[in-house]
Undergrad: 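Following this message is one structure expressed as structure tokens.
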There are 2 protein chains.
Amino acid sequence: MDVFEAVAEPHRRALLDLLAERERPAGELVANLPTLTQPAVSRHLRILREVGLVEVRPDGQRRIYALRADRLIEIDNWLGRYRRYWRDHLDALERHLADRIGMQDDPTTQNGPDDD
Amino acid sequence: MDVFEAVAEPHRRALLDLLAERERPAGELVANLPTLTQPAVSRHLRILREVGLVEVRPDGQRRIYALRADRLIEIDNWLGRYRRYWRDHLDALERHLADRIGMQDDPTTQNGPDDD
DNA sequence: CAGATGAATCAGTTGACGCGTATATACGCC
DNA sequence: GGCGTATATACGCGTCAACTGATTCATCTG
């Protein structure tokens with residue numbers, strides 16, 4: 001299983017999203033995915049562990065899971081090859097819209113904010 | 001099938017990579033994936049079509065396939081939530097390495113280059 | 001119109017993945 | 001040591017996606 005397949009699963013993306021906020025014990029992750037059973041979540045966590053997207057740290061009988069986002073760089077690099085395509089495309093669209101609607105505050109924000 | 005699943009398949013990423021260079025007729029794509037049969041490629045193209053990652057244009061009996069990269073924005077947006085994590089992480093790593101090895105030319109290149 | 005070529009689809013099989021139930025292991029407390 | 005909680009693993013099942021091979025559809029050419 002590679003990183004691309006790992007994040008293709010919506011439940012696993014949900015787990016990563018939860019871990020992006022803060023690290024959490026496994027049980028808390030289970031509680032946040034009410035449609036899945038505990039073993040199901042455990043298996044997803046195992047896969048995320050195997051591809052290096054999360055780390056585990058024991059805390060007594062709990063296991064604290066934490067995000068390791070740098071494994072996502074592989075996807076980001078691949079995506080990088082295409083970024084200019086939609087950037088060009090959107091630039092053209094923006095100019096077109098700006099021209100039509102007169103440069104209002106504009107929802108391209110959905111894509112933009114690389115920078116925080 | 002969503003965009004994440006669509007690009008999770010290595011052959012489909014290979015097809016997108018070929019189409020990133022330029023649009024191509026289906027036969028040329030088949031020729032460039034020697035491990036797959038013509039029907040297999042056709043099915044992958046159908047999936048890419050269904051999720052909107054490619055467009056088809058008939059040219060006589062040929063079908064010209066072209067990239068529609070803007071559907072990848074969905075992945076880019078999702079990834080955006082994590083970008084700051086590995087940026088911070090790598091910044092720290094870079095500083096650490098730069099400090100230790102004295103700012104040589106350095107194999108962090110695996111990540112850096114956004115290259116186009 | 002007949003034949004050839006490019007491409008998509010149909011039919012059938014197989015294998016991988018995700019699920020839930022049941023069970024095992026690890027730790028914490030009494 | 002025994003029990004309860006927290007997490008992981010084992011097993012069996014259903015589903016879906018990917019492959020192969022055969023076929024069909026469309027278009028071009030003689």
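Keep in mind it's a predicted model, so treat the numbers as computed, not measured. Computation of the quantities below employed the complete heavy-atom set of this structure, encompassing side-chain atoms and omitting hydrogens, waters and symmetry-equivalent molecules. Chain A is the first sequence line, chain B the second, and so forth, proteins listed ahead of strands; every chain is numbered from 1.
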Undergrad: Considering every strand and a 4.0 Å limit on heavy-atom distances, what is the contact class for A:Thr35: base, sugar-phosphate, or nothing?
TA: sugar-phosphate

Undergrad: Is B:Tyr65 near enough to C:dA8 that one of its side-chain N or O atoms lies under 4.0 angstrom from OP1 or OP2?
TA: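 Result: yes.
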
Undergrad: Once the angle between the rings of B:His11 and B:His44 is folded into 0 to 90°, is it parallel (under 30°), tilted (30 to 60°) or perpendicular (over 60°)?
TA: tilted

Undergrad: Please classify the nucleic acid contact of A:Pro58 as base, sugar-phosphate, or nothing, using heavy-atom distances under 4.0 Å.
TA: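 A:Pro58: no heavy atom of the nucleic acid under 4.0 Å.
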
Undergrad: Please give, in whole Å, the distance from D:dA18 P to B:Arg46 CZ?
TA: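 Rounded to the whole Å, the gap is 12 Å.
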
Undergrad: Rounding to a whole Å, what distance do you find between A:Asp2:CG and C:dA16:P?
TA: 15 Å

Undergrad: Whole Å only: how far is the CG atom of B:Leu36 from the C1' atom of D:dT20?
TA: 12 Å

Undergrad: Write down the distance between CE (B:Met1) and C1' (D:dC16), rounded to a whole number of angstrom.
TA: 9 Å

Undergrad: For D:dA26, take OP1 and OP2 only and decide whether either is under 4.0 Å from a side-chain N or O of B:Arg63.
TA: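 For B:Arg63, the contact criterion (side-chain N or O under 4.0 Å from OP1 or OP2 of D:dA26) is not met.
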
Undergrad: Compare side-chain N and O positions of A:Ser42 against OP1 and OP2 of D:dT7 and report whether any pair is under 4.0 Å apart.
TA: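 Checking D:dT7 against A:Ser42, no side-chain N or O comes under 4.0 Å of OP1 or OP2.
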
Undergrad: Measure the distance from CD on A:Gln61 to P on D:dC3 and round it to the nearest whole Å.
TA: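 It is 17 Å, rounded to the nearest whole Å.
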
Undergrad: For the pair made of CG in A:Leu48 and P in C:dG18, what is the distance, rounded to whole Å?
TA: 10 Å

Undergrad: Looking only at side-chain N and O atoms, does B:Tyr82 offer a donor or acceptor that is under 3.5 Å from a partner on A:Asp70?
TA: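 No - no donor-acceptor pair under 3.5 Å links their side chains.
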
Undergrad: Locate the shortest heavy-atom distance separating B:Ala26 from B:Leu45; write the atom from each residue and the value.
TA: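 The pair with the smallest heavy-atom distance is CB-CD1, 4.3 Å.
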
Undergrad: Side-chain N or O of B:His44 less than 4.0 angstrom from OP1 or OP2 on D:dA17?
TA: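 For B:His44, the contact criterion (side-chain N or O under 4.0 Å from OP1 or OP2 of D:dA17) is not met.
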
Undergrad: Testing B:Val56, B:Val30, B:Asp59, B:Ile64 for side-chain contact (heavy atoms from CB on, under 4.5 Å) with B:Pro25, which one passes?
TA: B:Ile64

Undergrad: Using atom CD of B:Glu9 as one end and atom P of D:dC16 as the other, report the distance to the nearest whole Å.
TA: 18 Å

Undergrad: Would one find a side-chain N or O of A:Arg62 under 4.0 angstrom from OP1 or OP2 of C:dG28?
TA: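 Checking A:Arg62 against C:dG28: no side-chain N or O falls below 4.0 Å of OP1 or OP2.
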
Undergrad: Could you tell me the separation between the CD atom of A:Glu5 and the P atom of D:dA17, rounded to a whole number of Å?
TA: 14 Å

Undergrad: Is there a donor and acceptor pair closer than 3.5 Å between the side chain of B:Gln38 and the base of C:dA8?
TA: yes

Undergrad: Looking only at the side chain of B:Thr37 (C-beta and beyond, no hydrogens), which of the listed nucleotides D:dT9, D:dT20, D:dA18 gets closest?
TA: D:dT20

Undergrad: Looking at C:dG20, does its base get a donor-acceptor pair with the side chain of A:Arg43 below 3.5 Å?
TA: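 Between C:dG20 and A:Arg43, which were checked side chain against base, a qualifying N/O pair under 3.5 Å is present.
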
Undergrad: If every non-hydrogen atom of B:Val51 is compared with every non-hydrogen atom of B:Met1, which pair is closest and at what distance?
TA: CG1-O, 3.3 Å

